[in-house]
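We number each residue from 1, following the sequence as shown.
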Amino acid sequence: MHLILASNSPRRKQLLAGLDIPFEVKVLPGIEENYPQDLPVNQVAGFIAKLKAEPYQSVIDDDTVVLTADTVVISENRIFGKPANEAEAEEMLLALSGKTHQVTTGVCLTSRTWQHSFDVTSDVTFKQFTPEEIHYYISHYRPFDKAGAYGIQEWIGYIGVTGLKGSYFNVMGLPVQRIYQELKQLNLIKSKNNLIFNNY
C-alpha cells in the first residue's frame with residue numbers, strides 16, 4: 001500500500017514522519033471545509049476530515065490510502081477555527097484564558113474501496129493570560145494558521161498550559177499514537193524485524 005498525507009501542514013508532516021512509515025504529501029486544490037451549522041461541535045472535525053477525503057477517491061490507485069485530518073478547538077460548545085486577523089486571535093485567546101477546552105482531531109483513512117474514520121479528543125487547561133502575554137504571542141508567532149489561535153508547541157504553550165489530559169500530539173494536529181494503532185488493526189503495517197508499511 002502507498003500512503004498519502006493530504007495536508008500542507010508542516011506539523012502534520014513532521015508528526016506522521018515520526019512513525020517511520022513511508023508516505024508522500026499530496027494536496028488537491030479547492031477543497032471546501034464547510035460544515036452544517038446545526039452539526040454537534042464534537043462531530044465537526046470528523047465531518048471535515050471525511051469531506052477532505054472525497055475528491056481523492058476517484059484519482060487514487062487501488063494500492064493507495066489517503067490520510068485526511070482536521071483539528072478543531074472547542075470551548076463552551078463553540079468551535080474556534082483559524083483566526084482571520086489579530087483581533088480574532090486576541091478574542092479567541094481571551095476566551096480560552098483560565099479555562100479548560102477540548103481539542104478534537106478527526107482522521108479519515110480512504111482507499112478506492114473503503115473508508116475508516118475516527119476522532120481523538122484532548123483536554124487542555126490554560127492559565128489566566130495577561131493582555132501583554134496575548135499581545136506578545138500574537139505579534140511574535142502570528143498564529144493565523146492554527147485552530148484556536150495557538151500552537152501548544154510554541155511559547156504560549158510553554159508558559160500557559162497548566163493541564164493536559166490526552167494526547168499532546170493530537171493538540172499539535174495529528175494523534176499519531178492512535179493512527180499507528182488503527183493502521184496496525186487494518187493490517188496496513190506489520191512487524192518483521194522492522195516496522196514497514198505493508199507492500200510499500
For A49 and A69, which heavy atoms make the closest approach, and how far apart are they? CB-CA, 4.1 Å
Enumerate the residue pairs fulfilling side-chain hydrogen bond (donor to acceptor under 3.5 Å, both in side chains) with a member in residues 157-172, sequence neighbours excluded, ordered by first and then second residue. T105-N170, S122-N170
More than 12 heavy atoms of other residues, nucleotides or ligands under 6.0 Å from OH of Y56: is that the case? yes
Side-chain heavy atoms of E91 within contact of E88, under 4.5 Å: no
State the CG-OG1 distance between L109 and T68, to the nearest 0.5 angstrom. 7.5 Å
Would you say the side chain of E86 lies within less than 4.5 Å of the side chain of E90, judging by non-hydrogen atoms? no
Quick one: are S7 and K13 in side-chain contact, heavy atoms under 4.5 Å? no
Just how far is it from atom CE of M172 to atom CZ of R11, taken to the nearest 0.5 Å? 7.5 Å
Tell me the closest heavy-atom pair linking V27 and A6, and the distance in Å. CG2-C, 4.0 Å
Evaluate the criterion salt bridge (charged side-chain N to carboxylate O under 4.0 Å, His left out) for residue pair K50 and E54; output intermediate values, then yes/no. CA-CA 7 Å; K50 290 180 182 178; E54 288 180 3; over 6 Å; no
Work out which heavy atom in R78 is nearest to a heavy atom in A95; give both atom names and the distance. NH1-CB, 4.4 Å
To the nearest 0.5 Å, what is the distance between OG1 on T104 and CD1 on I74? 4.0 Å
Out of curiosity, does F47 fall in the hydrophobic cluster containing I31 (side-chain heavy atoms, cut-off under 4.5 Å, transitive links)? no
Residues G173 and R12: closest non-hydrogen pair is O-NE, 2.8 Å
I'd like to know if the side chain of D61 reaches the main chain of D63, judged simply by a donor and an acceptor atom lying under 3.5 Å from each other, with no hydrogens or angles considered. no
Strictly by ring-ring contact (aromatic ring centres under 6.0 Å, His included), give each pair with a member in residues 76-108 just once, sequence neighbours left out. H101-F126, H101-Y150
Report yes if some heavy atom in the side chain of D70 is under 4.5 Å from a heavy atom in the side chain of K52; otherwise report no. yes
Smallest separation among heavy atoms of Q115 and A53, with atom names: NE2-CB, 3.9 Å
Within one Ile-Leu-Val-Met-Phe-Trp-Tyr cluster: L5 and L51, side-chain cutoff 4.5 Å: no
Evaluate side chain to side chain contact (heavy atoms under 4.5 Å, CB included) for V171 paired with V161, printing each intermediate quantity in order. CA-CA 12 Å; V171 183; V161 174; over 6 Å; no
Sorted by chain and residue number, the ring pair (Phe, Tyr, Trp, His ring centres under 6.0 Å) partners of H140 (sequence neighbours excluded) come out as Y136
Between atom CG of D20 and atom OH of Y180, what is the distance when rounded to the nearest 0.5 Å? 10.0 Å
Chi angles and distances behind the side chain to side chain contact (heavy atoms under 4.5 Å, CB included) call for L174, L67: CA-CA 11 Å; L174 204 62; L67 190 160; 4.2 Å; yes
Report the C-alpha distance between T100 and V124 in whole Å, list the side-chain angles of each, state the deciding distance to 0.1 Å, and finish with yes or no for side chain to side chain contact (heavy atoms under 4.5 Å, CB included). CA-CA 5 Å; T100 298; V124 180; over 6 Å; no
Closer than 4.0 angstrom, basic N to acidic O: yes or no for K127 and E133? yes
Within one Ile-Leu-Val-Met-Phe-Trp-Tyr cluster: I60 and L183, side-chain cutoff 4.5 Å: yes
Looking at NZ of K26 and CG of L3, how far apart are the two atoms once the value is rounded to the nearest 0.5 Å? 13.0 Å
Indicate if L164 and W155 have the same hydrophobic cluster label, given that clusters are the connected sets of ILVMFWY residues with side-chain heavy-atom separations under 4.5 angstrom. yes
Passes side chain to side chain contact (heavy atoms under 4.5 Å, CB included), F129 versus L96? Steps please. CA-CA 9 Å; F129 294 122; L96 298 174; 5.8 Å; no
Inter-residue atom distance Q185.CD - R178.CZ, 0.5 Å rounding: 8.0 Å
May I ask you to test the H116-V65 pair for a side-chain heavy-atom distance under 4.5 Å? no
When you group the ILVMFWY residues by side-chain heavy-atom contacts below 4.5 Å and let the links chain together, are I4 and I48 in the same group? no
All heavy atoms of R112 vs all of Q57, minimum pair found to be CG-O, 3.7 Å
Note, V107 side chain near V120 side chain (heavy atom, < 4.5 Å): no
Side-chain donor-acceptor pairs under 3.5 Å in residues 38-45, sequence neighbours left out?
none

Ring pair (Phe, Tyr, Trp, His ring centres under 6.0 Å) partners of Y137, counting only residues at least two apart: Y141
Provide the full list of ring-ring contact (aromatic ring centres under 6.0 Å, His included) pairs with a residue in residues 25-44, sequence neighbours left out, each pair given once. none
